[in-house]
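Since the structure comes first, as structure tokens, the remarks are kept for the end.
Source: prediction; values computed, not measured.
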Amino acid sequence: MQRSRWIGAGVLASALVLTSCTSGPAGVDAKQNSKAPLELWTRTTPGGPGEKGAVRLAAAFEKATGYKVEVTAIFDDFETKLQQRAAQKNLPDIVMNDVTQLGAMHSQGLLREIDLDKIKNGKQAIGQGLDSGKSVDGKQYGLPYSAQASALLIRKDWREKLKLEVPRNWDDFATMAEAFTIKDPDGDGKKNTYGLAAPLSTKRGYASWYFSNFLWAAGGDFITETGDGKYKPTMTTEESVRAVQWFRDLGCKSKVIQPGAVTMETPPTNETFEAGRTGMFVVGPYLLPRFDETLGKDKYEVVPMPKGAKDATVLAEGGSVYLMAGSENMAGQDAFADFAISAEGQKTGMEGDTGFTVQLPVNKTVDISEVRPDPRWKTYAEIYQNSGRYAPSVPNWTPVRQTTAETVNALMADCGLDTGTKLKELDKQLADILKEQGIAAS
């Protein structure tokens, strides 16, 4: 069913300028029809378990509220297809997408502000999760429905064979990585194992994404807020330089990272861990079902990241519900957002062994142990709440992540490069990005 949509003014990535017929809040001029079916887009593989999880959540919402929902799963070219619909002024009503996409969608004028007074279950949201849905202007444009954070996976059988303790700091971490590389932990008599699995490709900014777990634990940062929504580049601070050099030494000096890491995204990196070629992996909880099946639950363990030079901060991520501008059923939009963050919605999203919509709950009243008795999930939930940190909600995080990934990748690929010189160049690039987005500190 085609519906006429009005969307707020904004600029798409394709430089298409969308003009509105009013200067009021996005969507207020759309003729309202509370019985209109809600069109929901979710970033997941069509026909896969993720789509089935979204359909299950939508069905529970329909049963609880009476609102009808049409689910569309899209993975490839998600943003491009969304922009095409924006150009047609026919956006879906709701989008379930990565939290890091907030800035880009908001700056393009695709979102309407969420009125938390209409989201009764919003008061039950974990604080940092709710904050992740705020734009640089402090207004709420996303509502979290799922969270995740990084933990350290260790080959438990290797660790016990070599009589090593769970690492508590970076020295312990480096010692274990080296032992897994040179002491034949699998006992096959060959030098074919490595200490750390690391996806350090530049594609989609993987090198930066992975390295953030180490940068933040050292007290460093890619960019730092100076106040009033302004930022400055900080890859040349003492803390950031120390973190880069320490991580670089793992690959260039100790050589404990798997060969070819600089060309690897997550899929081949995952394979190195489950195939017994790497002994440690810093990653979120979504791989537990896979590794339990391919490697064996008894072969590895989940522990918090060891303390870095400052603390044990790790990357937090997740998914948000976005209410799209121009909907003719804003009441239905609000109701879905409210259900997604409710205890019932969260528990529904956590159902199943694979393909669940909710990784870690963002509702404070939901005890993950009651839904998933496996204590490893509790470990992940505690890490998220105690040590998880989201990327900042700048207008567009993608160029920051991509540019930093290119520098980290280059330093790991070419051990002859000068760290200080490359990081100075990076700070200049970051300064330009911040200026382009209008958030550079003066």
Requested in this report: Answer yes if the ring centres of Tyr141 and Tyr322 are under 6.0 angstrom apart, and no otherwise.
Outcome: no
Report the C-alpha distance between Phe173 and Leu152 in whole Å, list the side-chain angles of each, state the deciding distance to 0.1 Å, and finish with yes or no for side chain to side chain contact (heavy atoms under 4.5 Å, CB included).
CA-CA 10 Å; Phe173 182 96; Leu152 177 61; 3.9 Å; yes
Report yes if some heavy atom in the side chain of [X] is under 4.5 Å from a heavy atom in the side chain of [Y]; otherwise report no.
{"X": "Met96", "Y": "Leu57", "answer": "yes"}
{"X": "Gln258", "Y": "Met264", "answer": "yes"}
{"X": "Leu143", "Y": "Leu130", "answer": "yes"}
{"X": "Glu271", "Y": "Phe273", "answer": "no"}
{"X": "Asp98", "Y": "Arg43", "answer": "yes"}
{"X": "Thr398", "Y": "Arg204", "answer": "no"}
{"X": "Val362", "Y": "Gln346", "answer": "yes"}
{"X": "Asp298", "Y": "Lys156", "answer": "no"}

Specify whether [X] and [Y] have parallel, tilted or perpendicular ring planes, treating 30° as the upper limit for parallel and 60° as the lower limit for perpendicular.
{"X": "Trp170", "Y": "Phe214", "value": "tilted"}
{"X": "Phe211", "Y": "Phe222", "value": "perpendicular"}
{"X": "Phe336", "Y": "Phe61", "value": "perpendicular"}

Can a side-chain donor-acceptor contact be found between [Y] and [X] if the only test is distance below 3.5 angstrom?
{"X": "Asp93", "Y": "Gln333", "result": "no"}
{"X": "Thr421", "Y": "Asp418", "result": "yes"}
{"X": "Arg376", "Y": "Tyr300", "result": "yes"}
{"X": "Thr313", "Y": "Asp311", "result": "yes"}
{"X": "Thr224", "Y": "Thr234", "result": "yes"}
{"X": "Glu160", "Y": "Trp158", "result": "no"}
{"X": "Thr237", "Y": "Ser240", "result": "yes"}

Short N-O contact, [X] and [Y], less than 4.0 angstrom:
{"X": "Asp171", "Y": "Lys307", "answer": "no"}
{"X": "Asp374", "Y": "Lys297", "answer": "yes"}
{"X": "Asp76", "Y": "Lys81", "answer": "no"}
{"X": "Lys134", "Y": "Asp131", "answer": "yes"}
{"X": "Glu274", "Y": "Arg290", "answer": "yes"}
{"X": "Glu39", "Y": "Arg85", "answer": "yes"}
{"X": "Arg56", "Y": "Glu351", "answer": "yes"}
{"X": "Arg155", "Y": "Asp157", "answer": "yes"}
{"X": "Lys428", "Y": "Glu425", "answer": "no"}
{"X": "Arg112", "Y": "Asp334", "answer": "yes"}
{"X": "Glu301", "Y": "Arg159", "answer": "yes"}

Contacts satisfying ring pair (Phe, Tyr, Trp, His ring centres under 6.0 Å) that involve residues 360-398 (not counting sequence neighbours) are Phe356-Trp377
Donor-acceptor contact below 3.5 Å, side chain [X] vs main chain [Y]:
{"X": "Gln402", "Y": "Thr202", "result": "yes"}
{"X": "Ser327", "Y": "Leu323", "result": "no"}
{"X": "Asp427", "Y": "Met235", "result": "yes"}
{"X": "Asn409", "Y": "Val262", "result": "yes"}
{"X": "Thr357", "Y": "Gly53", "result": "yes"}
{"X": "Asn386", "Y": "Ile383", "result": "no"}
{"X": "Asp414", "Y": "Ala410", "result": "no"}

**Report entry** Criterion salt bridge (charged side-chain N to carboxylate O under 4.0 Å, His left out) on Lys183 and Glu178, from CA distance to verdict
**Finding:** CA-CA 8 Å; Lys183 293 188 176 181; Glu178 186 172 358; over 6 Å; no
To the nearest 0.5 Å, atom OG of Ser342 lies from atom CD of Gln124 at 8.0 Å
Hits for side-chain contact (heavy atoms from CB on, under 4.5 Å) against Arg248, two or more places apart or cross-chain, chain-then-number order -> Gln245, Cys252, Leu411, Met412, Leu417, Thr419
Could you tell me whether [X] atom [atom1] has more than 12 heavy atoms of other residues or ligands within 6.0 Å of it?
{"X": "Asp228", "atom1": "CG", "result": "no"}
{"X": "Lys230", "atom1": "NZ", "result": "yes"}
{"X": "Arg242", "atom1": "CZ", "result": "yes"}

Would Lys378 and Asp367 satisfy salt bridge (charged side-chain N to carboxylate O under 4.0 Å, His left out), going step by step from the backbone distance to the final call?
CA-CA 9 Å; Lys378 182 71 170 179; Asp367 183 351; 3.8 Å; yes
task: Let me see the working for Trp41 and Met324 under side chain to side chain contact (heavy atoms under 4.5 Å, CB included), right down to the final yes or no.
output: CA-CA 11 Å; Trp41 279 20; Met324 308 305 286; over 6 Å; no
Can Arg389 and Asp221 be said to form a side chain to side chain contact (heavy atoms under 4.5 Å, CB included), step by step? CA-CA 12 Å; Arg389 173 183 169 184; Asp221 213 340; 2.6 Å; yes
